[in-house]
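Here the structure is laid out as structure tokens; the discussion comes afterwards.
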Amino acid sequence: MQPISGLEVYPNPFGNETTCSFKIRESLNVDVYLNDLSGKVIHTFHSGKMTAGRKSFKVDAKELNLAKGVYLFHVTSDKRPAVVRMLKIE
């Protein structure tokens, strides 16, 4: 079984806000971050130990000064990465 599962973004595409959620099956060191398609990290939501369970992070486009375009939401652990594409509109 994968240590990170169910990674989803809702709504997607999004305007001002969206929520990224996923499930962790066991306690892990996890990095949760958003980057653009050039690879530049826009924001780090979490870096360090995370307990098992369902997790969610709100992405506020205004707060992060996101322009229209495609972004990648990453959840990486020492075991396996998970990535989902998000589309910012308007």
Side-chain angles (χ1 to χ4, degrees):
M1 262 195 239
Q2 297 179 358
I4 299 167
S5 63
L7 178 57
E8 57 189 17
V9 176
Y10 185 81
N12 190 18
F14 68 101
N16 294 326
E17 281 186 6
T18 191
T19 300
C20 301
S21 61
F22 54 92
K23 184 177 180 181
I24 296 182
R25 297 193 188 280
E26 59 190 82
S27 292
L28 295 170
N29 285 317
V30 177
D31 292 318
V32 180
Y33 60 96
L34 181 70
N35 71 284
D36 62 19
L37 290 180
S38 74
K40 177 183 173 192
V41 175
I42 305 296
H43 184 73
T44 300
F45 294 93
H46 179 86
S47 183
K49 194 75 163 177
M50 191 176 278
T51 58
R54 189 97 186 134
K55 311 296 179 187
S56 64
F57 293 88
K58 183 178 85 166
V59 177
D60 184 325
K62 195 171 193 175
E63 181 180 303
L64 298 177
N65 199 29
L66 300 180
K68 288 194 290 189
V70 177
Y71 296 89
L72 301 173
F73 187 84
H74 293 260
V75 181
T76 60
S77 73
D78 48 358
K79 296 194 175 191
R80 188 174 183 150
V83 180
V84 66
R85 291 171 58 122
M86 328 171 20
L87 177 61
K88 163 73 170 90
I89 55 175
E90 294 186 26

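We count residues from 1, following the sequence as given. Below, each value reflects all heavy atoms present in this structure, side chains not excepted, and no hydrogens, waters or symmetry copies.
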- Message: If you count every heavy atom of other residues, nucleotides or ligands that lies below 6.0 Å from Asp78 atom CG, does the total exceed 12?
- Response: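 Counting neighbours around CG of Asp78, more than 12 heavy atoms of other residues, nucleotides or ligands fall under 6.0 Å, so yes.
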- Distance-only, no hydrogens or angles: does the Thr18 side chain make a donor-acceptor pair with backbone N or O of Pro11 under 3.5 Å?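 The answer is yes, because a donor-acceptor pair under 3.5 Å joins these two groups.
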- Item | Donor-acceptor contact present, side-chain Lys55 to main-chain Lys23, <3.5 Å | no
I need the [X] [atom1] to [Y] [atom2] distance, nearest 0.5 Å.
X: Arg85; Y: Leu37; atom1: CZ; atom2: CG; answer: 6.0 Å
X: Asn29; Y: Ser47; atom1: CG; atom2: OG; answer: 8.0 Å
X: Ser77; Y: Glu26; atom1: OG; atom2: CD; answer: 8.0 Å
X: Tyr10; Y: Ser56; atom1: OH; atom2: OG; answer: 14.5 Å

Validation row: [X], [Y] side chains within 4.5 angstrom (heavy atoms):
X: Leu34; Y: Leu66; value: yes
X: Tyr33; Y: Ile42; value: no
X: His74; Y: Pro81; value: no
X: Lys40; Y: Asn35; value: no
X: Asp31; Y: Thr44; value: no

- Message: To check you understand the geometry: which heavy-atom pair defines the closest contact between Met86 and Asn12, and what is its length?
- Response: CA-OD1, 3.4 Å
- Message: Restricting to non-hydrogen atoms, name the atom on Gly6 and the atom on Arg54 that form the minimum distance, rounded to 0.1 Å.
- Response: O-NH2, 3.5 Å
- Hey, any chance Tyr71 and Leu64 share a hydrophobic cluster, counting ILVMFWY side chains that come within less than 4.5 Å of each other, even indirectly?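 They do share one cluster, since a chain of ILVMFWY contacts under 4.5 Å joins Tyr71 to Leu64.
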- same_hphob_cluster(Leu87, Leu72) at 4.5 Å side-chain heavy-atom cutoff: yes
- Query: How are the rings of Phe57 and Phe22 set relative to one another: parallel (under 30°), tilted (30 to 60°) or perpendicular (over 60°)?
  - Reply: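 Geometry flag for Phe22 against Phe57: parallel rings.
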- Item | Derivation and outcome, side-chain contact (heavy atoms from CB on, under 4.5 Å), residues Val59 and Lys88 | CA-CA 11 Å; Val59 177; Lys88 163 73 170 90; over 6 Å; no
- Query: Is there a salt bridge (Lys or Arg N to Asp or Glu O under 4.0 Å) between Glu90 and Lys62 once you walk through the steps?
  - Reply: CA-CA 11 Å; Glu90 294 186 26; Lys62 195 171 193 175; over 6 Å; no
